[in-house]
Amino acid sequence: MGAFTPWRGAKEVSGVAFVVAQEVPTSSSMAVPHGPAGVGEARHRMREQLNRSGVPETVVDDAVLILSELLSNACRHGRPLGNGDAGDGDVRAAWRVDKAGRLTVEVTDGGGPTRPVPATPSVTARGGRGLNIITALAQEWGVRDSAAGEVTVWVIVTEGHRREDFATRVGGPAFDFADAFDDLD
């Protein structure tokens with residue numbers, strides 16, 4: 001699991017309030033199969049742990065979406081960790097909440113032929129918006145390389161950080177069909 005932090009809740013028994021201390025994980029790491037099979041399990045585990053830790057629901061929602069995008073990108077563009085030549089293996093998903101309440105989400109894969117950079121997909125493209133979504137939701141994000149060739153994409157998520165222009169950043173500028181016909185007159 002990882003580091004634990006006490007969570008305190010009040011419990012009333014016969015009109016007397018008692019403070020109950022529970023250990024709630026503030027960090028987690030898990031191996032996820034290289035492919036779509038483990039993404040749902042990772043999202044479910046993250047949501048459950050962050051909710052138990054008292055992370056605000058808006059941050060949890062954004063973090064779960066970010067985790068999905070990172071895992072999808074790792075499986076699409078990166079090699080699995082370990083024996084990646086065999087086509088099997090895992091990627092690693094991790095998250096932690098620091099003392100300031102910032103949530104860091106990380107996904108590590110075995111590297112790939114390209115660097116993670118936001119794309120500029122066409123309006124009709126079926127993909128290519130993942131890192132734009134992450135950019136719109138995150139306080140900041142980046143890429144870290146290891147000497148062993150592993151690539152980790154990390155994202156910091158905080159409450160109230162979602163950008164106001166979220167839809168424009170993700171979908172691109174709106175297309176006005178009337179503008180396309182201006183030159184036909």
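By convention here, the first residue in the shown sequence is residue 1.
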Next item on the list: Decide yes or no for Arg144 and Trp154: does some side-chain heavy atom of the first lie under 4.5 Å from some side-chain heavy atom of the second?
Entry: yes

Note to self: List the residues meeting side chain to side chain donor-acceptor pair (under 3.5 Å) with Thr108, not counting sequence neighbours, and say none if there are none.
What the structure shows: Thr152

Next item on the list: Just jot down the salt bridge (charged side-chain N to carboxylate O under 4.0 Å, His left out) partners of Glu150, sequence neighbours excluded, or say none.
Entry: Arg92

Next item on the list: Only counting residues at least two apart or in another chain, list the ones meeting side chain to side chain contact (heavy atoms under 4.5 Å, CB included) with Ser68.
Entry: Val39, Arg43

Notebook entry, point to check: How would you list, by chain and number, every residue that makes a side chain to side chain donor-acceptor pair (under 3.5 Å) with Arg76, sequence neighbours excluded?
Noted result: none

Next item on the list: With sequence neighbours excluded, tell me which residues meet salt bridge (charged side-chain N to carboxylate O under 4.0 Å, His left out) with Glu41.
Entry: none

Checklist line | Pairing residues for Asn51 by the side chain to side chain donor-acceptor pair (under 3.5 Å) criterion, not counting sequence neighbours | finding: none

Checklist line | Partner of Trp141 by side chain to side chain contact (heavy atoms under 4.5 Å, CB included), out of Val157, Thr135, Ile156, Thr104 | finding: Thr135

Margin query: Applying side chain to side chain contact (heavy atoms under 4.5 Å, CB included), can you list everything that pairs with Ala74, at least two apart in sequence or on another chain?
Written below: Val91, Val107, Asp109

Notebook entry, point to check: Are side-chain heavy atoms of Leu103 and Thr158 found at a separation under 4.5 Å?
Noted result: no

Note to self: Once side chain to side chain contact (heavy atoms under 4.5 Å, CB included) is applied, do any residues pair with Thr114, and if so which ones, sequence neighbours excluded?
What the structure shows: none

Notebook entry, point to check: Excluding sequence neighbours, so at least two apart, what forms side chain to side chain contact (heavy atoms under 4.5 Å, CB included) with Pro36?
Noted result: none

